[in-house]
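Heads up: the structure comes next, in structure tokens.
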Number of protein chains: 2
Amino acid sequence: MPRPRSLTNDQIAAAALAVIDRDGLPALSMRTVAAELDRRTMALYRYVEDREELECLVVDLALGPVLDRAAGREPSPRARLLALLARMREAVGAHPGVLPLAVRHHRTSLPALRWRERILQALDAAGLDAPARAAALHALVAYTIGALEVEHQGPAVTPAPAAFPLLAAALGTRAATSPSTAFTAGANTVLTGLGIA
Amino acid sequence: MPRPRSLTNDQIAAAALAVIDRDGLPALSMRTVAAELDRRTMALYRYVEDREELECLVVDLALGPVLDRAAGREPSPRARLLALLARMREAVGAHPGVLPLAVRHHRTSLPALRWRERILQALDAAGLDAPARAAALHALVAYTIGALEVEHQGPAVTPAPAAFPLLAAALGTRAATSPSTAFTAGANTVLTGLGIA
DNA sequence: AGTTTTGGCGTACGGTCTACACCTACGAGG
DNA sequence: CCTCGTAGGTGTAGACCGTACGCCAAAACT
């Protein structure tokens, strides 16, 4: 009986993602997303409660591919975990502007929760019991979020290099290593610290 | 010859911090800070280029105590590093609202840079060479930022506990551990992964 | 064809940041 | 003491933002 919806959640999320990819996160607004869909601003509120819900939609869309090809084929639990973290990095790297939104909403995003569950499965396969799994998940999630945040804001700057000799040297060697290897190296240290073979 | 300044940077930062502590980060605006100082809005622009610079001031103030008592007294490098990370956690914990600002501006905040330099000193004392120090700093900074971000947004919620059995169990044990011990445990795993005694 | 549910939109309000122009308080030089 | 120039304080206004409210039209079922 009712008039059918002419917009799907995916279309709305895709429009928001297009705005972010094209003009950056600051350009995301109800107005710009509505314009991307060739609608007036208020039409969006028929599909979305408020801006927060719009942000959740785009996070779900951007984080969707984090598990698209079943990431359970790697031989060792450690390789599986490494691949899971790398997949999250790739998903965010494909749409860098959504990183702040992903950080803010990853607790409620279904793809992010599935990603956590997969991590816990790999930790279980590695022989960790429940409390150890919880601690390990915390460490891995914290490292991943922080590493992505550090990667997507440029390197730190030293106002007075002479006053920060070690920092200046560290920034030099860091500038010589690719973000991908830096991320993987950090992930490996965490996994080593967790005692995962 | 000129008329003297009636406001110091510290007073402005303290006013902004007071607004954040009292009413939360969303309440921070040029208007609210100006009102806190008993000035009209535009008076602030005599002291601060724009809102971003105001944010930097408050981050510098909030992160100042991260090094107030010389944190170099701990016996082992590992204990020193653990104390440095804990200090950052305490500084943020004293003003939870500034966390997003601290994450956004820690690359340019002097206290944050000094904190990194101290970490590098401890890593040097632990026997790491320059490339290893850079990698270790990256891992420690990433973990710290991510752990604080995870800590200051509540625990994740599982919409369908049956679909996420391991996650539901992990959230249960996590709810039973204090944020402080969870943070320290994660820091210890990273330090272990770095091979620091 | 009529009814009803819903989608789409116009208007408007209160909020944000800040560019600009104006007045004035203050301290130094005469 | 008086003047003067610099800089502090502020009012106005413009361009954005999110969104509450109310109206109209379109679409599908009876």
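Because the structure is a prediction, the values reported are computed rather than measured. So that the names make sense, note that chain A is the first sequence line, chain B the second, and so on, each numbered from 1. In what follows, every heavy atom counts, from backbone to side chain, and hydrogens, waters and symmetry copies are set aside.
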Quiz prompt | Value in whole Å for how far the P atom of D:dC16 lies from CG of A:D23 | solution = 13 Å

Practice problem: When you get a sec, tell me which of C:dT18, C:dG7, C:dC26 is the closest nucleotide to the side chain of A:R3? | Solution: C:dG7

Quiz item: Which of the following nucleotides, C:dC17, C:dT18, C:dG8, is nearest to the side chain of B:D50?
Solution: C:dT18

Practice problem: For the residue pair B:T32 and B:R22, confirm or rule out a side-chain donor-acceptor distance under 3.5 Å. | Solution: no

Exercise. Considering just the side-chain nitrogens and oxygens of B:Y47, establish if one lies under 4.0 Å of OP1 or OP2 belonging to D:dG9.
Key: yes

Quiz prompt | Whole angstrom value for the distance that separates P of C:dG15 from CE of A:M30 | solution = 19 Å

Quiz item: Where is the tightest heavy-atom contact between B:F164 and B:T158, given as atom of each residue plus distance?
Solution: CB-CG2, 4.4 Å

Self-check item: Check: D:dG11 base within 3.5 Å donor-acceptor of B:R40 side chain
Solution: no

Exercise. Let me know the distance between CE of B:M42 and P of D:dG8, rounded to the nearest Å.
Key: 14 Å

Quiz item: Any chance the side chains of A:T192 and A:R78 put a donor and an acceptor closer than 3.5 Å?
Solution: yes

Quiz item: Under 3.5 Å, is there a donor-acceptor pair linking the side chains of B:T181 and B:T184?
Solution: no

Exercise. Round to a whole Å and report the spacing from CZ of B:R51 to C1' of D:dC16.
Key: 14 Å

Quiz prompt | Nucleotide of C:dG7, D:dG9, D:dA27 approaching A:S6 most closely (side-chain heavy atoms) | solution = C:dG7

Exercise. Assess whether one donor atom and one acceptor atom, taken from the side chain of A:R46 and the base of C:dG8, lie less than 3.5 Å apart.
Key: yes

Quiz item: When you check the phosphate oxygens OP1 and OP2 of C:dT16, does a side-chain N or O of B:R31 lie under 4.0 Å from one of them?
Solution: yes

